[in-house]
Novice: 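Can you read through this structure? Questions will come right after.
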2 protein chains.
Amino acid sequence: MTGIDEVARLAGVSTATVSRALSGNGPVSPATRDRVRSAADSLGYVVSSNASSLASGRTRNVGVVVPFLSRWFFSSIVEGAEAALARKGYDLTLYNLGGGEELRRSVFEHFLLRKRVDAVVAVALELTDDEVNRLLAIHKPIVGIGGPIPGVRTLTLDDLSVARLATEHLISLGHTRIAHVGGAVEFDLDFHLASTRRRGFERAMHEAGLPIRDDLYQPADFTINGGYAAGKQLLGRPYDRPTAIFAASDEMAIGCLLAARDLGLTVPHDVSVVGIDDHELSDFFGLTTVAQFPRQQGEMAVDVLMGELMPEPGGPAALTTELPYQLIVRSSTARPAE
Amino acid sequence: MTGIDEVARLAGVSTATVSRALSGNGPVSPATRDRVRSAADSLGYVVSSNASSLASGRTRNVGVVVPFLSRWFFSSIVEGAEAALARKGYDLTLYNLGGGEELRRSVFEHFLLRKRVDAVVAVALELTDDEVNRLLAIHKPIVGIGGPIPGVRTLTLDDLSVARLATEHLISLGHTRIAHVGGAVEFDLDFHLASTRRRGFERAMHEAGLPIRDDLYQPADFTINGGYAAGKQLLGRPYDRPTAIFAASDEMAIGCLLAARDLGLTVPHDVSVVGIDDHELSDFFGLTTVAQFPRQQGEMAVDVLMGELMPEPGGPAALTTELPYQLIVRSSTARPAE
DNA sequence: ATGAAAGCGCTAACAC
DNA sequence: GTGTTAGCGCTTTCAT
């Protein structure tokens with residue numbers, strides 16, 4: 001366990017100079033910096049992050065809090081954040097809230113407060129005022145992904161516009177009898193994502209002068225399985241079958257695709273399907289979708305965070321940043337058959 | 001920022017006693033312990049993990065290193081590990097090696113060495129001697145998941161037996177013309193998983209006196225997409241079509257299922273399909289598979305690690321622990337048609 | 001059972 | 001540009 005003083009001795013300088021040379025903070029002549037660097041290398045010296053953090057108050061570590069992990073969308077965000085942090089020399093400490101209320105409490109009342117992190121990224125979580133204030137009180141910047149949190153810089157997707165875009169794509173193709181597979185209320189926790197998308201759908205229909213029919217709405221649980229059941233329900237009706245389905249997520253949309261196949265319907269001839277996300281499977285299934293880019297979202301969150309940790313000359317960023325999205329047309333949508 | 005001395009003052013004891021009372025290390029009378037506890041609570045005191053780590057040498061944090069994150073299998077392992085660690089009051093710091101060789105180097109030469117973690121879990125990574133020694137030199141226990149690493153306690157799946165079991169299931173149903181969709185060589189990095197499974201398949205065939213036909217082997221890339229292409233190839237042949245397919249992963253098996261459908265073949269009437277993993281989609285597709293339990297694997301790894309961090313009376317555990325697996329028969333396999 | 005005090009290994013004033 | 005030194009906030013001997 002080589003320490004800083006061994007490096008100092010080998011390089012023939014003081015520990016302060018070693019610290020400055022290695023961290024880049026403070027003036028060091030190029031010559032001594034090189035000397036220190038090679039001394040450190042030859043000893044295999046790596047700073048103790050604890051000692052460094054204790055002395056400096058900075059940990060070079062950020063906490064990322066997610067509601068789930070083993071779902072493509074969330075793990076992609078984490079992956080993006082991890083990559084961006086690693087590039088900056090930061091570590092990522094992960095907190096998965098999947099374990100329920102009690103776990104969430106302990107994460108916010110203990111884990112995040114023990115000064116292990118410099119900042120936190122909250123993914124798809126509607127933080128309470130209390131949770132936010134606890135962190136802000138100890139000067140930990142927060143950035144949220146997924147919906148506005150009062151007093152917190154957040155990256156949000158304009159779900160209303162995304163849903164409208166998907167629906168308008170169908171309308172522009174000539175569809176009029178369009179069904180919607182939306183998120184069931186019990187999944188409408190974070191930021192009312194499901195209901196916002198539904199509103200976007202309804203607004204597009206309304207603007208096009210098309211009727212919004214309750215019988216063409218099916219709630220599901222955001223899974224392929226749930227989408228399949230909803231699709232069967234919608235497409236199995238003996239008359240007045242919708243010519244198109246807008247599902248509030250790709251996984252549900254893929255479920256609809258499979259339901260259509262099992263009913264002997266051809267996509268997009270008999271029914272068009274559009275989703276949201278650009279899930280990893282969507283390309284395979286030829287699903288038309290409105291892509292959001294979770295990996296990039298994770299990276300963007302880190303960028304925003306870095307801006308907070310090391311404020312730069314330019315004015316402070318806006319409190320809310322809109323996330324990009326993009327319609328990707330594949331083979332699951334077409335004009336309705338005659 | 002309440003510190004330990006404020007708590008000490010409020011409780012009317014020394015900081016040493018507060019430390020002992022809160023950490024549980026060292027003798028404290030029940031009465032004072034309660035006094036300290038409530039003082040800490042009322043002040044909202046949480047130890048500074050840095051100061052604590054620096055003084056004690058323990059971080060209460062473990063590093064988890066994975067080759068990918070946004071894949072169900074790996075994120076499930078991480079999820080399991082995170083849950084188990086959280087229960088013990090530990091944090092999990094995540095290192096994703098997806099970024100290539102250089103990233104891997106910096107993780108092992110810097111990130112993991114800066115004393116931020118007490119131990120590391122290496123998932124599906126064939127660590128080099130150098131990587132192992134670096135960590136062992138600073139007394140960081142390692143546990144691996146996924147294959148034996150010399151000198152490291154590892155949890156391994158008996159891939160040979162798993163593949164044999166899957167194949168024997170097909171043989172016992174009466175299949176004789178069985179194809180194998182295996183991992184392509186370029187994906188055979190970690191622990192030769194693909195080739196081991198192929199050997200398990202061949203052994204089962206051999207033991208049953210069945211011929212191993214090269215033309216009934218198709219390599220793929222472990223994705224649904226790749227499995228689909230391989231399935232098409234195998235099932236599209238004009239004669240001598242296999243009556244069953246054993247795929248080395250569920251994702252590839254699902255690809256085969258979809259390929260069969262698209263060819264107008266019925267599963268399991270025209271072709272049986274079996275995979276390995278019990279992927280989250282397998283139940284939906286009715287896929288027969290040999291389940292492994294990634295979430296549990298993550299939890300087990302943590303248990304082993306805890307055993308190393310706080311050695312208990314019982315003798316030391318074995319160096320290699322076999323992971324459980326289980327044949328799950330669903331609707332994708334049946335006797336071959338006449 | 002409790003307290004006093006010496007560090008843990010660095011960083012950041014401050015002096016030169 | 002570099003060295004000296006006083007902490008950062010705890011834990012842990014060693015006394016008592």
Side-chain angles (χ1 to χ4, degrees), chain A residues 1-37 39-40 43-61 89 110 113-118 138-139 309-310, chain B residues 1-37 39-40 43-61 89 110 113-118 138-139 309-310:
Chain A
M1 276 304 49
T2 53
I4 197 173
D5 24 333
E6 294 188 48
V7 179
R9 206 175 317 132
L10 207 173
V13 296
S14 71
T15 62
T17 300
V18 173
S19 173
R20 283 189 284 250
L22 261 27
S23 71
N25 295 41
V28 183
S29 80
T32 49
R33 193 193 18 251
D34 289 351
R35 210 138 36 81
V36 171
R37 285 237 179 98
L43 291 173
Y45 169 76
V46 176
V47 294
S48 155
S49 56
N50 290 313
S52 170
S53 301
L54 183 56
S56 70
R58 278 175 274 97
T59 64
R60 300 201 145 258
N61 187 28
H110 282 93
L113 302 183
R114 48 185 178 190
K115 300 198 182 90
R116 203 193 273 301
V117 302
D118 287 339
I138 55 174
H139 304 103
L309 290 175
M310 342 171 178
Chain B
M1 278 306 47
T2 53
I4 198 174
D5 26 332
E6 293 189 47
V7 179
R9 207 176 315 134
L10 208 174
V13 296
S14 71
T15 61
T17 300
V18 173
S19 173
R20 283 190 282 252
L22 261 28
S23 70
N25 296 41
V28 184
S29 79
T32 48
R33 194 197 11 256
D34 289 351
R35 211 139 34 81
V36 170
R37 286 239 179 98
L43 291 172
Y45 170 76
V46 176
V47 294
S48 156
S49 56
N50 290 314
S52 170
S53 302
L54 183 56
S56 69
R58 278 174 274 97
T59 65
R60 301 202 144 257
N61 186 28
H110 283 93
L113 303 184
R114 48 187 177 189
K115 298 195 182 94
R116 204 193 273 304
V117 302
D118 287 338
I138 55 175
H139 304 104
L309 289 175
M310 343 171 178

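All values below come from the heavy atoms of this structure, side chains included, with hydrogens, waters and symmetry mates left out. Letters A, B, ... mirror the listed sequences (proteins, then strands); counts begin at 1.
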Novice: Which part of the nucleic acid does B:S53 contact within heavy-atom distance under 4.0 Å: base, sugar-phosphate only, or nothing?
Specialist: nothing

Novice: Rounded off to whole Å, could you give me the CD1-to-P distance for the A:I4 and C:dC10 pair?
Specialist: 5 Å

Novice: Could you check whether B:R33 gets within reach of a base, just the sugar-phosphate, or nothing at all, counting any heavy atom under 4.0 Å?
Specialist: nothing

Novice: In whole Å, I'd like the distance from the CZ atom of A:R35 to the C1' atom of D:dG1.
Specialist: 12 Å

Novice: Can you see which heavy atom on B:R60 is nearest to which on A:R116, and at what distance?
Specialist: O-NH2, 3.0 Å

Novice: Quick one: does any side-chain atom of B:T15 pair with a main-chain N or O of B:I4 as donor and acceptor, under 3.5 Å?
Specialist: no

Novice: Shortest non-hydrogen contact from A:N25 to A:R58?
Specialist: ND2-NH2, 4.3 Å

Novice: In whole Å, I'd like the distance from the CZ atom of B:R116 to the C1' atom of C:dG9.
Specialist: 15 Å

Novice: Would you indicate which nucleotide in D:dG3, D:dT2, C:dC10 comes nearest to any side-chain atom of A:S14?
Specialist: D:dG3

Novice: Can you check the B:L54 CG to C:dG9 P distance for me, whole Å?
Specialist: 7 Å

Novice: Side chain of B:R20 only, heavy atoms from C-beta on: which candidate in D:dT13, C:dA12, C:dG9 is closest?
Specialist: D:dT13

Novice: Which listed nucleotide (D:dG9, C:dA13, C:dC10) is nearest to the side chain of A:Y45?
Specialist: C:dC10

Novice: Which one of B:T2, B:V18, B:V47 satisfies the side-chain contact (heavy atoms from CB on, under 4.5 Å) criterion with B:V7?
Specialist: B:V18

Novice: Consider the side chain of A:S29, meaning its heavy atoms from C-beta on, and name the nucleotide among D:dT2, C:dG3, D:dC10 that approaches it most closely.
Specialist: D:dT2

Novice: Rounded to the nearest 0.5 Å, what's the gap from CG on B:N50 to OG1 on A:T59? Could you check?
Specialist: 7.0 Å

Novice: Would you indicate which nucleotide in D:dC10, C:dG9, C:dT11 comes nearest to any side-chain atom of A:A51?
Specialist: C:dG9

Novice: Counting side-chain heavy atoms from CB outward, which of D:dG3, C:dG9, C:dA5 is closest to A:V13?
Specialist: D:dG3

Novice: Restricting to non-hydrogen atoms, name the atom on B:S14 and the atom on B:A8 that form the minimum distance, rounded to 0.1 Å.
Specialist: C-CB, 3.8 Å

Novice: Could you tell me whether the side chain of B:R114 has a donor or acceptor atom within less than 3.5 Å of a complementary atom in the base of C:dG9?
Specialist: no

Novice: Nearest-Å distance, CZ (A:R9) to P (D:dG3)?
Specialist: 14 Å

Novice: B:N50 CG to C:dC8 C1': how many Å, rounded?
Specialist: 12 Å

Novice: Measure from the side chain of A:S56, starting at C-beta and using heavy atoms only, and say which of D:dT11, D:dC8, C:dA12 lies closest.
Specialist: C:dA12

Novice: Give the rounded distance in Å between these two atoms: CG of A:D5 and P of C:dC10.
Specialist: 7 Å

Novice: Where each residue is assigned the nucleotide of DNA chain D containing its nearest heavy atom, which of A:A16 and A:P27 is assigned the position nearer the 5′ end?
Specialist: A:P27

Novice: Counting only side-chain nitrogens and oxygens, does B:R58 get under 4.0 Å of the OP1 or OP2 atom of D:dT12?
Specialist: yes

Novice: Report the distance from atom CG of A:N25 to atom P of D:dG1, rounded to the nearest whole Å.
Specialist: 14 Å

Novice: Does A:V18 reach a base, just sugar-phosphate, or nothing at all? Heavy atoms under 4.0 Å.
Specialist: nothing

Novice: Report yes if at least one side-chain N or O of A:T17 is closer than 4.0 Å to OP1 or OP2 of D:dG3; otherwise report no.
Specialist: yes

Novice: For D:dT11, does OP1 or OP2 lie under 4.0 Å from any side-chain N or O of B:S19?
Specialist: yes

